[in-house]
Number of protein chains: 2
Amino acid sequence: MSQINPQRYFDCEDCLFRTISCQYIQKEEFEKLRSKSVQLRYKKGEVILKQGAKSTHFLFLRKGIIKFNYEDENGKNLILSINKAPALIGGANLVNAEFNLFSVCAIEDCEGCTIDVALLTRIALGNTLYLFKMLQFITDVFRSSIFNFISLAHKQVNGRIADILIFLSQNIYMNDAFVLSLSRQEFAEFAGCSKENVIHTLRKFHNEGLITVEGKKIILNDPERLQKISKHG
Amino acid sequence: MSQINPQRYFDCEDCLFRTISCQYIQKEEFEKLRSKSVQLRYKKGEVILKQGAKSTHFLFLRKGIIKFNYEDENGKNLILSINKAPALIGGANLVNAEFNLFSVCAIEDCEGCTIDVALLTRIALGNTLYLFKMLQFITDVFRSSIFNFISLAHKQVNGRIADILIFLSQNIYMNDAFVLSLSRQEFAEFAGCSKENVIHTLRKFHNEGLITVEGKKIILNDPERLQKISKHG
DNA sequence: TTAAAAAACTGCATTATTTCACCTTTCGAT
DNA sequence: ATCGAAAGGTGAAATAATGCAGTTTTTTAA
């Protein structure tokens, strides 16, 4: 994450953020944003934004998978949501410019571009359609977590784990078979239960033929039945 | 909720929404908004916005207490948040103009004013500072629910109920003693547990002298110890 | 390559939570 | 004023979830 000699890892030409931005704002304005941007790479496990810190930049995540993490007063972690690129990260502070409420961490190797919040805000305030678009981007990340919370709030662990498996398959890995980016501990922090409970439950689903678990490799053999478990709670 | 003969229950002169709006937009523009508004009263229990419906208006809640309610596929309810006036209700749809994700119901008698979404959006798009202010209003309602979710996600029932008691005391009733607007069933839907568990736990806190429960009347005798229970989980 | 550390896993005792069956109180409508 | 429905409440059995103590497997770094 060295910034001494700003490195260029990828080309801006095919950047989605650029494409979308340039539908709303002038190329010259985008160039201003870009001149303040730095390309960064994060290894799996690295912290991108730290809870409690004041962040001066967003990150346009171009590649990779991240988690939003909240650490409570006892040091217990909760994963609020998991998102994959492309996404605009750090937006909880656009409307409400305070300290980061959550951390954002890479759970797979990531690359992206910092975006200066002050400058983006200035540009967006002069262009409501662009502002609107940015807000959509930001709330996307947020909204996905709502249904996870609902699942958490009134399903038991079986249903919650079924929900997470379906979510990962459909929204993150886009495949019935995937290699889990989360440790069992992290899975538990996402499901709001103990890691033992995650292990027991995955094993049970495995023994019932519902899924195949082999270390980090998971295959959903019967998504329909998983849906039923999710629904039943 | 008769709209045949639009009734005037209260005076617009001292309306907070008007005061705030007029800091950003012209009086004439506010008059346009107002001309499309209707003053409404809701009895405790009435539905203000219905989950799944397409809402053409926000409600500026001028007086009263409301709940955000999500009903799942099995008919189970979850209360996402509880808010008191003043608040701008229905904003989940401003950025993302779809159907209502949640219902909003009065849990105390309420009064407020409808606000035409299309017109408000049009005005806000022409005035970014106003748009920003409206977004702040809307996300306020949202943000308060986040910490309730965190509580839900990794505390046990004792801690969750302690959290809710503290929340109600500090954020809704602004007093250590209050008359609960929720039934035990609703309390359970907020705490994400069974109503029996709510009753048992309130009784336990009562027996320990932590709180005094007498039907709907609740007094927090020892908020500090309650905080400790909340913290310990 | 190997030793140490971290993560995955297991079964079980303990604790938390739900569910059920049933009783009592409160409240609103006739 | 009375009936019936809804809400509040109780205790106990059944179920779910956690936390522990220990083993195995995988990963990491020297």
Side-chain angles (χ1 to χ4, degrees), chain A residues 43-46 74-79 107-109 151-164 179-208 211-218 229-230 232-233, chain B residues 43-46 67 74-79 105 107-109 151-164 179-208 211-218 229-230 232-233:
Chain A
K43 284 233 169 303
K44 178 168 179 160
E46 265 191 276
N74 306 313
K76 238 174 128 181
N77 290 300
L78 173 70
I79 296 181
I107 58 170
E108 289 294 339
D109 292 355
S151 163
L152 256 167
H154 56 182
K155 290 182 187 173
Q156 309 203 159
V157 171
N158 277 349
R160 305 212 292 264
I161 288 185
D163 275 344
I164 289 176
V179 177
L180 194 61
S181 314
L182 302 167
S183 70
R184 299 297 195 260
Q185 179 58 45
E186 285 176 312
F187 200 122
E189 287 163 3
F190 198 26
C193 65
S194 67
K195 76 172 197 301
E196 290 91 340
N197 208 338
V198 169
I199 294 167
H200 288 315
T201 306
L202 288 178
R203 171 76 35 221
K204 193 177 64 185
F205 287 176
H206 177 96
N207 291 341
E208 290 168 355
I211 62 176
T212 303
V213 183
E214 205 191 308
K216 300 255 170 180
K217 272 178 278 177
I218 294 183
I229 290 176
S230 153
H232 173 264
Chain B
K43 284 232 169 302
K44 179 169 178 159
E46 264 189 279
K67 64 173 179 182
N74 306 313
K76 237 174 129 181
N77 290 300
L78 172 70
I79 296 180
C105 309
I107 59 170
E108 287 296 339
D109 292 355
S151 163
L152 256 168
H154 56 183
K155 290 182 188 173
Q156 309 202 160
V157 170
N158 277 348
R160 303 211 294 264
I161 288 183
D163 275 344
I164 289 176
V179 177
L180 193 62
S181 313
L182 301 167
S183 69
R184 298 297 194 260
Q185 179 59 43
E186 284 176 313
F187 200 122
E189 288 163 2
F190 198 25
C193 67
S194 67
K195 79 168 200 300
E196 290 90 340
N197 207 339
V198 170
I199 294 167
H200 289 315
T201 305
L202 288 179
R203 171 74 38 220
K204 193 176 65 186
F205 287 175
H206 175 97
N207 291 340
E208 289 167 356
I211 62 176
T212 303
V213 183
E214 206 191 308
K216 301 254 170 182
K217 271 179 278 178
I218 294 184
I229 290 176
S230 153
H232 173 265

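Throughout, protein chains are lettered first and strands after them, A, B, ... in sequence-line order, and every chain is numbered starting at 1.
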Inset, instruction - Using atom types as modelled and distance alone, determine if a side-chain donor or acceptor of A/Arg160 lies under 3.5 Å from a backbone N or O of A/Ala191. - result: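 Yes: the side chain of A/Arg160 pairs with the backbone of A/Ala191.
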Inset, instruction - Please check if the side chain of B/Glu208 supplies one atom and the backbone of B/Phe205 the other of a donor-acceptor pair under 3.5 Å. - result: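 Such a contact is absent between B/Glu208 side chain and B/Phe205 backbone.
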Legend entry - Comparing B/Arg184 and A/Gly192 on DNA chain D - which has the more 5′ nearest nucleotide: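 Nearer the 5' end of the strand: B/Arg184.
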Legend entry - Residue closer to the 5' end of DNA chain D, B/Leu202 versus A/Cys193 (nearest nucleotide):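 Looking at DNA chain D, the more 5' nearest nucleotide goes with B/Leu202.
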Distance, rounded to the nearest Å, where [X] contributes [atom1] and [N] contributes [atom2]:
| X | N | atom1 | atom2 | answer |
| --- | --- | --- | --- | --- |
| B/Ile161 | C/dT18 | CD1 | C1' | 13 Å |
| A/Phe187 | C/dC9 | CZ | C1' | 16 Å |
| A/Lys44 | D/dT28 | NZ | C1' | 14 Å |
| A/Gln156 | D/dT18 | CD | C1' | 14 Å |
| B/His206 | D/dT10 | NE2 | C1' | 15 Å |
| A/Arg203 | D/dT23 | CZ | P | 19 Å |

Inset, instruction - Kindly give the heavy-atom pair with the smallest separation between A/Gly192 and A/Leu152, and that separation in Å. - result: CA-CD2, 4.0 Å
Inset, instruction - Identify whether any heavy atom of B/Ser194 sits under 4.0 Å from a base atom; if not, whether one sits that close to sugar-phosphate; answer base, sugar-phosphate or nothing. - result: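 Touches a base.
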Inset, instruction - Would you kindly check whether a donor in the side chain of A/Glu196 faces an acceptor in the base of D/dC20, or vice versa, at under 3.5 angstrom? - result: yes
Legend entry - Distance below 4.0 Å between B/Lys216 side-chain N/O and D/dG8 OP1 or OP2: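 For B/Lys216, the contact criterion (side-chain N or O under 4.0 Å from OP1 or OP2 of D/dG8) is met.
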Inset, instruction - For A/Lys217, look at atom NZ and say whether over 12 heavy atoms of other residues, nucleotides or ligands are found less than 6.0 Å away. - result: no
